[in-house]
Amino acid sequence: MRCKWIVTSLGIPQYANIGADIINARPDLSGIRSMYVFLTSKCPLLSRTTFDAVQWKSLALSGITPIDYLYIRPHSGGTTPVTNVTSPDLRCNVGGSSTRAAATLTAQAGNLVVWTPSSLITKPGVWTIYLARVPDDLTAPTFDGSGQVWFKIAQGAFRIRGPILIPLDAEEPSPLVTPSLAPKPTVTLTPVPVLASISATIPKELPTADYLVRAEFIDLTDAAVRGGAKFFVACGQISVYSKGSGIPRPLVAIPDVYTAETPGILYNVSGSTPYMYPGPTIWPSWIAIPL
């Protein structure tokens, strides 16, 4: 069934067909690299379950027509979320650490990479994009992503009512203030109904190498209880060409990056408690203080 919807951006109505068409919407003005769509239905309501499950179906450079699953490692998790934060499946989904994508995406530093889910996301939660450098003796298809190798390059919050705590080092930190002791300004995000894609700019400081790129959406609907957060994850393969020579940090292992009690994993999304992003801070904004 094809339905007519009104897509509204900044109060300007535009029209788009929902069906085989791709919805294009402008990035949110808050600066978070994500794609939001405001929808008003002009057809019978679709089943709610259409939007409840998430499977990452494409990884592509911005402006390039994506080919479904071409650069994404196959896994057997389907649209079932990972709920055990200590499970190896948290890394690349069920079996995804040991499989190979059909191809490896070639990109340059400064390119925008876009992850698109198989269905529009409506549940409240947070998304994150991680990279892991492939060891020099391996290639993107042969690396399993194990070890303390992952670093965060983008994150965003979606439909969270409380204020979002943004570490000072995620914006414009002073080299004289340690991230752990820095004051944390807050910003309240305006809830929007649909998350259509997530994206991140490949840092220009990133060295030339093969990388695994990981998409994560955490559904916080039931996260008020331990084990209630639902993780929808996938890994892709990317080869980056760059003049950068930066050293990504902080590095984390996946799993082990979260616990069931980590703030931001255990969270009552219906309340007004400030939300803290789980996991490491974003690189290259993270600053180490010389000893």
**OP:** Treat each ILVMFWY residue as a node, draw an edge where side-chain heavy atoms are under 4.5 Å apart, and state whether Val94 and Phe232 are in one component.
**Re:** no
Original post:
Just by modelled atom types, is the Gly264 backbone N or O under 3.5 Å from a matching donor or acceptor in the Tyr277 side chain?
Top reply: no
Subject >> Pro250 to Pro280 - nearest heavy-atom pair and separation >> reply: CG-CB, 3.7 Å
**OP:** Output yes when a side-chain donor or acceptor of Glu216 lies under 3.5 Å from a complementary backbone atom of Thr128, and no otherwise.
**Re:** no
Can you give me every donor-acceptor pair (side chain of residues 74-82, partner residue at least two apart or in another chain, under 3.5 Å) with its distance?
unit_1, atom_1, unit_2, atom_2, d
His75, ND1, Gly77, N, 3.1

Original post:
Does atom CD1 of Ile247 have more than 12 heavy-atom neighbours, drawn from other residues, nucleotides or ligands, at distances under 6.0 Å?
Top reply: no
Original post:
Is Ile129 reachable from Ile64 through a run of hydrophobic residues whose side-chain heavy atoms are each under 4.5 Å from the next?
Top reply: yes
**OP:** Identify whether Tyr241 and Leu212 are in the same connected component of the hydrophobic contact network (ILVMFWY, side-chain heavy atoms under 4.5 Å).
**Re:** no
Subject >> Joint cluster assignment, Val126 & Leu266, ILVMFWY side-chain distance < 4.5 Å >> reply: no
Subject >> Straight-line distance of Cys92 SG to Ile254 CD1, nearest 0.5 Å >> reply: 8.0 Å
**OP:** Using modelled atom types only, decide if a donor and an acceptor are shared between the side chain of Thr208 and the backbone of Ser242 within a distance under 3.5 Å.
**Re:** yes
Original post:
Should we say atom OH of Tyr69 is surrounded by more than 12 heavy atoms from elsewhere, each under 6.0 Å from it?
Top reply: yes
Subject >> Arg226 side chain to Glu261 backbone, donor-acceptor under 3.5 Å >> reply: no
**OP:** Could you list the residues that satisfy side-chain contact (heavy atoms from CB on, under 4.5 Å) with Ala103, not counting sequence neighbours?
**Re:** Leu70, Tyr71
Subject >> Donor-acceptor pair, side chain of Arg159 and main chain of Val269, under 3.5 angstrom >> reply: no
**OP:** Kindly say whether Gln55 contributes a backbone atom to a donor-acceptor pair with the side chain of Ser118 at under 3.5 angstrom?
**Re:** yes
Original post:
Nearest 0.5 Å, what's the CZ-CD1 distance between Phe217 and Ile121?
Top reply: 5.0 Å
Original post:
Should we count CG of Asp137 as having more than 12 external heavy atoms under 6.0 Å?
Top reply: yes
**OP:** Using atom types as modelled and distance alone, determine if a side-chain donor or acceptor of Thr86 lies under 3.5 Å from a backbone N or O of Pro255.
**Re:** no
Subject >> From CZ (Phe231) to CG (Asp219), nearest 0.5 Å >> reply: 10.5 Å
Original post:
Atom OG in Ser270, atom CG in Asp222: separation rounded to 0.5 Å?
Top reply: 9.5 Å
Subject >> Distance, nearest 0.5 Å, that separates CD1 of Ile72 from CG of Leu105 >> reply: 10.5 Å
Subject >> Set of residues satisfying side-chain hydrogen bond (donor to acceptor under 3.5 Å, both in side chains) with respect to Thr262, sequence neighbours excluded >> reply: Thr259
**OP:** Run through Asn111, Val113, Asp210, Leu206 and flag the one making a side-chain contact (heavy atoms from CB on, under 4.5 Å) with Val240.
**Re:** Leu206
Original post:
Measuring from Ile238:CD1 to Tyr211:OH, what's the distance to the nearest 0.5 Å?
Top reply: 10.0 Å
**OP:** Please report the closest heavy-atom contact between Trp115 and Val213, naming both atoms and the distance.
**Re:** CZ2-O, 3.4 Å
**OP:** Would you sort out whether Val257 and Trp150 count as a side chain to side chain contact (heavy atoms under 4.5 Å, CB included), showing the intermediate values?
**Re:** CA-CA 9 Å; Val257 62; Trp150 295 92; over 6 Å; no
